[in-house]
2 protein chains.
Amino acid sequence: MSATVTLMHVAREAGVSPSTVSRILNGTANVTPDKRERVEAVIQRLNFTPNVQAQALANGRSFSVGVLTQNISSPFYGETLAGIERGLEGSSYHPLVVSGHWHAEQEQQALDLLMRRRVDAMIVLGGVIADAALQDVAARMPLVAVGRDVRGLTERCVLIDNRGGIGQVVRHLAELGHRDIAFISGLETQQDAVERREGFEAAIQELGLSLRPELMRRGDYTEASGERDTEDLLRSGVTFTALVCANDQMALGARLALYRRGVSVPEDVSLTGFDDLFSSRYTTPPLTTVHQAVNELGQQAAETVLRLLAGELPQMTPYVPRLIVRESTGPVPPSFPAGGLLMHDSS
Amino acid sequence: MSATVTLMHVAREAGVSPSTVSRILNGTANVTPDKRERVEAVIQRLNFTPNVQAQALANGRSFSVGVLTQNISSPFYGETLAGIERGLEGSSYHPLVVSGHWHAEQEQQALDLLMRRRVDAMIVLGGVIADAALQDVAARMPLVAVGRDVRGLTERCVLIDNRGGIGQVVRHLAELGHRDIAFISGLETQQDAVERREGFEAAIQELGLSLRPELMRRGDYTEASGERDTEDLLRSGVTFTALVCANDQMALGARLALYRRGVSVPEDVSLTGFDDLFSSRYTTPPLTTVHQAVNELGQQAAETVLRLLAGELPQMTPYVPRLIVRESTGPVPPSFPAGGLLMHDSS
DNA sequence: CTGTTAGCGCGTTCAG
DNA sequence: CTGAACGCGCTAACAG
């Protein structure tokens with residue numbers, strides 16, 4: 001554990017004052033070339049790296065932006081984080097991420113932690129914490145929310161059109177002839193889950209189809225939930241030729257339940273997701289879903305924060321998701337007996 | 001942007017000295033109950049939160065541990081990070097993560113950044129940076145590496161038995177009657193990739209089977225690579241009844257290539273992965289793979305770091321991966337003609 | 001038990 | 001152009 005070398009050591013070794021070293025480090029003022037060279041040589045030799053904590057204390061900025069995510073290991077948030085990382089790249093800011101696990105108290109603790117670390121700005125990814133808490137934070141520093149419309153901060157929210165996205169899915173299925181469409185939603189505590197469910201209901205009605213509660217299930221965005229709810233749907237004996245899941249992860253679970261029951265996709269049932277996770281290109285068959293460019297959303301959030309930090313104006317462009325048709329959707333099975341049974345036993 | 005309230009403000013407001021406030025905050029010494037209550041009330045009222053930067057500067061510890069990961073959005077590293085987060089929970093330490101993207105220079109920059117931020121310890125996940133660089137870091141602070149055997153620091157590496165893991169896979173396949181086993185490896189720049197390939201070769205030979213170069217492909221651990229290499233294998237016309245992928249992500253890509261060609265899993269070809277990513281339970285069919293408990297590895301790394309920080313001794317218990325047999329492996333197709341063709345056209 | 005005094009490492013005036 | 005002095009917010013050692 002060699003003693004840390006400080007700016008003072010460098011100064012002494014180079015025979016100059018600490019201020020001079022500081023100036024060279026930050027380009028704050030002009031310095032005679034010879035002194036500059038001398039100092040830079042010493043910096044190299046001593047392998048000196050400025051202490052960010054001290055810098056932060058001295059000039060009031062920590063050069064870090066707090067990121068409140070929910071579940072760092074979820075593919076969805078993972079990709080968003082990568083986008084944020086990329087968006088911050090090149091700037092001197094760095095992300096400090098903490099998980100809230102969709103739990104209001106934990107989210108509050110995470111925010112507190114980030115405030116204690118004196119982050120210069122905040123990026124919030126989803127979450128169930130009250131808007132008021134976020135408004136408090138926003139009163140103290142630039143804040144950008146992703147996938148969540150915070151009251152009073154709408155112009156600082158990176159939003160996507162969930163209703164429109166689901167609408168595209170439903171119309172796509174309708175064009176393929178589907179009329180018996182089941183739906184698995186997310187938890188109503190999450191805003192986007194509510195929007196997707198409402199979008200589904202609206203689209204169904206716009207198409208003149210009837211909304212059938214027996215075809216609706218409430219999931220929680222996890223694979224396990226998709227599997228469970230699909231299993232339940234299948235077991236209930238209701239008839240459907242298409243299954244719309246409110247996110248890709250549930251579609252993955254649904255896929256497994258269908259497989260277990262010997263139901264072919266898309267021959268017997270068309271299956272769709274939402275998010276277009278990277279891995280959804282690789283499901284069997286590749287999943288028809290709504291592309292969200294989670295990556296780009298994260299990047300956009302980061303860039304907005306940088307702009308805010310630089311004192312510029314927000315300028316948020318709403319994100320329009322688009323349908324990606326792959327191979328998990330197809331025409332209604334010709335053999336499908338109107339009002340008949342769906343179950344096919346695999347050999 | 002309300003002016004930040006400092007410990008000094010609290011002290012004045014409560015009519016005590018700053019030290020007293022500090023002592024209450026850290027429980028460093030006893031304080032009269034009435035003063036304590038008074039101070040705590042003021043802290044609440046002013047909504048005071050200590051400045052971690054200042055604390056770090058004052059007592060030399062930043063209470064953050066640097067995490068050098070490779071790709072924050074990869075399911076593999078994501079789960080490891082979640083484990084680290086969990087392992088650090090409860091302690092007053094927090095992770096500061098930076099991605100190296102499997103690029104030596106970026107990894108070095110990431111390390112530099114973390115050193116500048118004066119992290120108290122470091123956790124390194126994989127990577128291709130030279131051992132020497134890690135040894136330098138280890139000389140300055142506690143360091144734990146995951147999935148990588150750093151020369152001279154072996155006792156501080158959380159390792160898994162890659163050779164043994166692949167061996168279990170191969171033996172499992174052999175027991176099912178497979179003799180023509182193809183293999184897709186990872187990049188040779190990554191230590192675990194080398195070990196898995198060597199493990200495969202060793203296992204094949206131990207079983208008295210012959211090593212056939214035409215059944216080996218070199219991938220890069222990505223889904224795209226798994227797809228491409230499988231496609232290549234299929235197109236080459238070689239015969240095989242089982243395909244061993246060096247990780248789950250490539251197995252996912254391989255699954256797609258097989259699907260495209262109408263090759264059934266496991267009826268025509270048995271498929272295996274390595275890592276047991278969370279999503280591998282949900283592939284179609286669920287993937288037979290080697291469970292790595294990436295999550296626990298991360299947690300173990302974090303706990304080890306805490307122990308090191310507390311001045312205790314390492315005590316690393318080597319991790320033994322275990323085979324998880326699911327539904328992507330099965331007996332050799334009875335119709336398989338010895339030395340014959342593999343291709344089946346799906347209807 | 002508590003207040004006072006020094007720094008931690010660096011940026012930033014302010015005079016030279 | 002450059003050095004000396006002060007302060008960022010907090011902890012620790014020292015007297016009381």
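All figures in this text were calculated on a predicted structure; none of them were measured in a lab. So that the names make sense, note that chain A is the first sequence line, chain B the second, and so on, each numbered from 1.
- Around CZ of A/Arg151, the count of heavy atoms belonging to other residues, nucleotides or ligands within 6.0 Å does not exceed 12.
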Legend entry - Sugar-phosphate or base contact per nucleotide [nucleotides 6-15 of chain D; S, B, -; heavy atom under 4.0 Å]: --BBBSBB--
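- Checked by atom type and distance alone, the side chain of B/Glu296 never pairs as donor or acceptor with a backbone atom of B/Gly83 at under 3.5 Å.
- Under 3.5 Å, the side chains of B/Gln108 and B/Asp112 contain a donor-acceptor pair of N or O atoms.
- The only option from A/Gln300, A/Glu79, A/Arg86 that meets the side chain to side chain donor-acceptor pair (under 3.5 Å) definition with A/Asn295 turns out to be A/Arg86.
- Within 6.0 Å of CD on B/Glu155 lie more than 12 heavy atoms contributed by other residues, nucleotides or ligands.
- In this structure, A/Ile24 atom CD1 and D/dC1 atom P are separated by 12 Å, rounded to whole Å.
- Rounded to whole Å, atom P of C/dG9 lies 11 Å from atom CZ of A/Arg12.
- Contact annotation: A/Thr32 reaches the phosphate of D/dT2 (side-chain N/O to OP1 or OP2, under 4.0 Å).
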Inset, instruction - Any chance you could lay out the side chain to side chain donor-acceptor pair (under 3.5 Å) test for B/Ser17 and B/Thr20, step after step, and finish with the verdict? - result: CA-CA 5 Å; B/Ser17 79; B/Thr20 303; 3.2 Å; yes
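- Listed by residue number, there are no residues of residues 34-42 of chain A with a heavy-atom contact under 4.0 Å to DNA chain C.
- Without hydrogens or angle criteria, A/Arg38 side chain to A/Ala14 main chain gives a donor-acceptor distance under 3.5 Å.
- Inter-axis angle, ends of the helix from C/dC1-D/dG16 to C/dG16-D/dC1, five pairs per end, rounded to 10 degrees: 40°.
- Under 3.5 Å, the side chains of A/Arg23 and A/Asn30 contain no donor-acceptor pair of N or O atoms.
- If you check the side chains of A/Ser99 and A/Gln70, you find no donor sitting under 3.5 Å from an acceptor.
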Inset, instruction - Could you walk me through whether A/Thr154 and A/Asp149 pass side chain to side chain donor-acceptor pair (under 3.5 Å), step by step? - result: CA-CA 6 Å; A/Thr154 302; A/Asp149 187 1; 2.9 Å; yes
